[in-house]
Number of protein chains: 2
Amino acid sequence: MAADFDTLADHLREHGHKLTQPRRAILKTLVAASKPLSPAEIQARGQAFCADLGLVTVYRTLEIMADVGIVRPVHVVDGCHGYVLATPGHTHHVICERCNVVVEIAGCELGGFLERVAQRTGYTITGHWLEISGICADCQQHDDTQ
Amino acid sequence: MAADFDTLADHLREHGHKLTQPRRAILKTLVAASKPLSPAEIQARGQAFCADLGLVTVYRTLEIMADVGIVRPVHVVDGCHGYVLATPGHTHHVICERCNVVVEIAGCELGGFLERVAQRTGYTITGHWLEISGICADCQQHDDTQ
DNA sequence: GTCTTAAATGAAAGTCTTTTTCAGTTGCAG
DNA sequence: CTGCAACTGAAAAAGACTTTCATTTAAGAC
């Protein structure tokens, strides 16, 4: 994830949003995270940076950040509404089933497939949502040693 | 969707679940639906078949049906937790943005792509989740006439 | 620097969704 | 038929998310 705090903060400002202490805290939390965090988790971790960070603010800030494209919601089969930083452009995620670590895959190779779908169904395709689950290299090793 | 009530009902029984009136009602509702329904919608529609169908039962039954593979949860970007009937085997969904009608796509052409992902990331891929959004033929026509 | 103001904040209350508990009911095997 | 485990709905509880509102704060103007 090639996303550093300053770039993302600027991005927020460029869209006319203030860079407040709570927002800094949320952004720092997300930059430091390697897996999707729920709003409650973001609040808990973010309080390290902004002691009285409220949950309401987390919700509001995530909404803004998602609008601006800094953050991306992740829906997984067994639970919804995690958030991870989004790198610019179209990407997909691979999520480890064991430890929830997320790897982003740049680029999207679904173009041809989507065209065939359009032909077959008569739909105009406007978007898609792909999440891949698996087991990351680390967790595979732990398996071996047990 | 090549899913008729009797086949699905048998499927439930084969997994050791009773076929009760509330469950019949839920199944009929889903068979009749052409778009994902939320638990609350399923309750409302299902009461046509079973007058005092409770919401709690809908939640419990959906969980069972999802386990058994009769039903599939649908997560869309702006809201979660719709449910549609699942046809056996691996399929993906195309959902109309306007009217929420769902078309299933049999077969999955992501094999090659997933292999490349596995190589690039070191993950063992265990599953994936693809939902495609678009505008269905009907809704496109309505657009034209407006 | 300091002032001003619109934007942003946290707490509290409210709403909506989902789960748990429990006493009563029902499908179905024998 | 009968018995019993599975299943049910109602009520209550827990949880997730939103709204409201008085106070605070960032950031541009001076």
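Residues forming a salt bridge (Lys or Arg N to Asp or Glu O under 4.0 Å) with A:Arg13 (at least two apart in sequence, or on another chain): A:Asp10. Looking at residues two or more places apart in sequence or on another chain, you find no salt bridge (Lys or Arg N to Asp or Glu O under 4.0 Å) involving B:Asp67. Every residue two or more places apart in sequence or in another chain was checked for a side-chain contact (heavy atoms from CB on, under 4.5 Å) with A:Glu115, and none qualifies. Scored by the salt bridge (Lys or Arg N to Asp or Glu O under 4.0 Å) test, B:Glu63 finds no partners at all (sequence neighbours excluded). For B:Arg116, the salt bridge (Lys or Arg N to Asp or Glu O under 4.0 Å) partners two or more places apart in sequence, or in a different chain, are A:Glu109. In this structure, the ring pair (Phe, Tyr, Trp, His ring centres under 6.0 Å) partners of A:His11, at least two apart in sequence or on a different chain, are A:His15. Listed by chain and residue number, A:Ala25, A:Lys28, A:Thr29 satisfy the side-chain contact (heavy atoms from CB on, under 4.5 Å) test with A:Phe49 (two or more places apart in sequence, or in another chain). Not counting sequence neighbours, the partners of A:Thr126 by the side-chain contact (heavy atoms from CB on, under 4.5 Å) test are B:Glu97, B:Ser133, B:Ile135.
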Between the protein and nucleotides 21-25 of chain C, list every N/O to N/O distance that falls short of 3.5 Å.
none

Check the interface with nucleotides 14-16 of chain D: list each N/O to N/O pair with the protein under 3.5 Å, or write none.
none

Query raised in the report: Base, backbone or nothing for each nucleotide of nucleotides 24-30 of chain D, written B, S, -, heavy atoms under 4.0 angstrom, 5' to 3'?
Result: -BBS---
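The nearest whole Å value for the distance from the CE atom in B:Met65 to the P atom in D:dC7 is 12 Å. Taking atom CG on B:Asp10 and atom P on C:dC28, their separation rounds to 11 Å, with Å as the unit. Atom C1' of nucleotide D:dC7 and atom CD1 of B:Ile64 are separated by 9 Å, given to the nearest angstrom. Regarding B:Arg23, its CZ atom lies at a distance of 13 Å from the C1' atom of C:dC28, rounded to whole Å.
Across residues 41-55 of chain B, B:Asp52, B:Leu53, B:Gly54 each have a non-hydrogen atom less than 4.0 Å from an atom of DNA chain D (numbered order).
The two residues A:Ile125 and A:Ala118 come nearest to each other via the heavy atoms CG1-CB, 3.9 Å. Across B:Ile64 and B:Arg23, no two heavy atoms sit closer than the pair CD1-NH2, 3.4 Å. Looking at every heavy atom in both residues, B:Met65 comes nearest to B:Leu30 through SD-CD1, 4.4 Å.
Note on ring orientation: taking the six-membered ring where Trp is involved, the planes of A:Phe113 and B:His92 are perpendicular (angle over 60°, cut-offs 30° and 60°).
Between the side chains of A:His93 and A:Glu131, no donor-acceptor pair of N or O atoms lies under 3.5 Å.
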